Amino acid sequence: MDSHPLPEPGVCAAPAPAAADLAGQMLELDEDDDLEVFSKDATLTDCSSFNTSMPTSPASMINQYKFEEEPDAKDIFITVDNPESHVTAIETFITYRVSTKTTRSEFDSCEYEVRRRYQDFLWLKGKLEEANPTLIIHPLPEKFVMKGMVERFNEDFIETRRKGLHKFLNRIADHPILSFNEDFKVFLTAQAWELTSHKKQGPGFLSRMGDTVRAVAASVRGVKSRPEEFDTLNDYVEVFGQKMSVMDKIAQRVVKEQKEHLEEMKEYGPIYTLWSGSEEELGEPLTAVASCVDKCCREAEEHVNSLSENLVPVLHEYVLCAETLKVRRVVFNSYVDLLQEAKHFLCFNRMKDCD
């Protein structure tokens with residue numbers, strides 16, 4: 001297996017693939033594309049078709065919207081580091097230091113330093129999804145650990161989670177819409193007690209509107225005129241998630257087996273060294289074998305570390321992105337159903353007025 005690092009999760013804006021070719025084009029990925037879906041040309045008043053400029057493939061629906069005046073210089077920098085363990089009478093948990101440097105005028109200061117626990121990141125992700133139901137929010141590392149795989153407070157697990165949280169915040173900071181979210185600003189700047197108070201506030205207008213839209217759309221099931229592109233995108237995401245899940249499991253199994261092989265191989269070097277001391281005639285060849293085994297161990301260890309750092313985390317991130325897409329596509333479909341119903345309603349009223 002090639003140990004070269006994979007690109008970060010994203011989907012390229014490729015030409016429209018046919019349904020039969022989706023599987024073959026599943027891994028054509030580009031590291032610079034964010035997982036966002038926009039449809040800026042959709043109209044409700046056109047009775048002849050839902051949208052004459054609708055994209056014709058799942059790939060073309062990703063990153064369709066381009067901002068004409070994107071800033072060239074990055075104006076917000078975030079670092080997640082320094083994990084600390086906290087033990088209370090009720091629970092034990094880990095907090096991470098979140099350091100922010102920014103030149104944005106809406107911030108009262110240019111530097112902030114707060115501590116956040118994993119639940120705070122979950123809260124932020126939920127608020128971003130409520131306020132931006134048609135955007136794909138970068139996934140967080142998993143909350144739970146598979147039994148028998150690693151301890152919850154194991155140093156390797158904490159470091160893996162820290163890297164995931166760091167990437168999560170920086171993906172948001174680089175986004176032209178999400179980075180200006182008010183809850184994101186509060187997350188970066190508020191002290192612990194201030195954040196707790198902010199969490200207790202009721203849902204905002206966008207959140208209430210999103211709940212209303214989902215409730216109305218849930219009552220309008222079975223819409224037959226949904227754009228074909230959405231069904232094609234659903235199939236694409238389903239197959240993509242399945243294939244990435246299989247690749248993730250294979251990669252983890254390969255790394256596990258290679259680690260076991262490495263541990264066994266490390267035992268042979270000392271054996272050959274001791275053997276060479278007791279065999280005068282074979283001493284030199286046995287010493288050479290021991291040296292060769294040690295060299296193989298070093299190369300194998302470097303290969304395993306490369307797979308563990310560059311392959312397994314990225315594949316698993318693809319799996320998390322696919323799972324996020326599966327969850328969010330339900331919201332997409334609900335909005336499309338609602339838009340279709342609104343279009344039909346407007347068309348009906350227009351025809352009625354003409355009569």
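Just so you know, these numbers use all the heavy atoms, side chains as well, and skip hydrogens, waters and symmetry mates. None of the values given here were measured: they were computed from a predicted structure.
The backbone N or O of H138 sits nowhere less than 3.5 Å from a side-chain atom of R171 that would complete a donor-acceptor pair. The backbone N or O of K167 sits nowhere less than 3.5 Å from a side-chain atom of N170 that would complete a donor-acceptor pair. Judged purely by atom type and a 3.5 angstrom limit, T287 uses its side chain to pair as donor or acceptor with the backbone of G283. The backbone N or O of L320 lies less than 3.5 Å from a partner atom in the side chain of T324, making a donor-acceptor pair. The backbone N or O of E113 sits nowhere less than 3.5 Å from a side-chain atom of R97 that would complete a donor-acceptor pair. In terms of modelled atom types and a separation under 3.5 Å, the side chain of S245 and the main chain of G241 share no donor-acceptor contact. Side-chain atoms of S197 never come within 3.5 Å of backbone atoms of W193 as a donor-acceptor pair (strictly under, hydrogens ignored).
A heavy-atom distance below 4.5 Å is not found between the side chains of P83 and R161. Counting heavy atoms from C-beta outward, F93 and H86 have side chains that approach closer than 4.5 Å. Using a 4.5 Å heavy-atom threshold, the side chains of V314 and N310 count as separate. The closest side-chain heavy-atom distance from Y236 to T232 is not below 4.5 Å.
Ring to ring, F187 and F121 are close: their centroids are under 6.0 angstrom apart.
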Checklist entry - What's the verdict on side chain to side chain contact (heavy atoms under 4.5 Å, CB included) for Q242 and E238, showing C-alpha distance, side-chain angles and the deciding distance? => result CA-CA 6 Å; Q242 293 174 359; E238 189 68 31; 3.5 Å; yes
Next on the checklist: Applying salt bridge (charged side-chain N to carboxylate O under 4.0 Å, His left out) to E302 and R298, what does each step give before you reach the verdict?
Outcome noted: CA-CA 6 Å; E302 182 179 346; R298 290 193 297 270; over 6 Å; no
Checklist entry - Does the pair T102 and L188 meet the rule for a side chain to side chain contact (heavy atoms under 4.5 Å, CB included), with working shown? => result CA-CA 11 Å; T102 181; L188 297 177; over 6 Å; no
Checklist entry - Could you go step by step and tell me if T189 and F107 meet the side chain to side chain contact (heavy atoms under 4.5 Å, CB included) rule? => result CA-CA 9 Å; T189 61; F107 286 82; 3.7 Å; yes
Item to check | Working for side chain to side chain contact (heavy atoms under 4.5 Å, CB included), residues V98 and Y112 | outcome: CA-CA 8 Å; V98 179; Y112 294 90; over 6 Å; no
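Pairing each heavy atom of R116 with each of Q191, the nearest pair is NH1-C, 4.3 Å. A pairwise comparison of heavy atoms in A290 and T273 identifies CB-OG1, 3.4 Å as the closest pair. P313 approaches L307 most closely through the heavy-atom pair CD-O, 4.2 Å.
The distance from atom CG of L124 to atom CG of L128, rounded to the nearest 0.5 Å, is 4.5 Å. Within the model, atoms CD1 of I172 and CD1 of I78 stand 7.5 Å from one another, a figure rounded to the nearest 0.5 Å. We find the CD-CD distance between E155 and E159 to be 9.5 Å, quoted to the nearest 0.5 Å.
A salt bridge links K127 with E130; the closest basic N to acidic carboxylate O contact falls under 4.0 Å. The pair E106-K185 fails the salt-bridge criterion, with no side-chain N (NZ, NE, NH1 or NH2) lying under 4.0 Å from an Asp/Glu carboxylate O. Note on K256 versus E260: salt bridge recorded, some NZ/NE/NH1/NH2 to OD/OE distance being below 4.0 Å. Salt-bridge annotation for K259 and E263: absent, with no side-chain N of the basic residue lying under 4.0 Å from a carboxylate O of the acidic one. Comment: E129 engages K125 in a salt bridge, judged by a side-chain N to carboxylate O separation of less than 4.0 angstrom.
Residues passing the side-chain hydrogen bond (donor to acceptor under 3.5 Å, both in side chains) test with T100: none are found, sequence neighbours excluded.
Atom OH of Y268 is surrounded by 12 or fewer heavy atoms from other residues, nucleotides or ligands within 6.0 Å. For H261, the NE2 atom sits in a loose shell: 12 or fewer heavy atoms of surrounding residues, nucleotides or ligands are nearer than 6.0 Å. Residue K101 qualifies as open at atom NZ: its count of foreign heavy atoms under 6.0 Å is 12 or below. Around the CD atom of E284, the shell of radius 6.0 Å holds no more than 12 heavy atoms that belong to other residues, nucleotides or ligands. Crowding of W123 atom CH2: a count of heavy atoms from other residues, nucleotides or ligands under 6.0 Å exceeding 12. Around the CD atom of E84, the shell of radius 6.0 Å holds more than 12 heavy atoms that belong to other residues, nucleotides or ligands.
Side chains of D248 and Q252: a donor-acceptor N/O pair is present below 3.5 angstrom, by distance only. Side-chain contact annotation: D81 with H166, donor-acceptor N/O pair under 3.5 Å absent.
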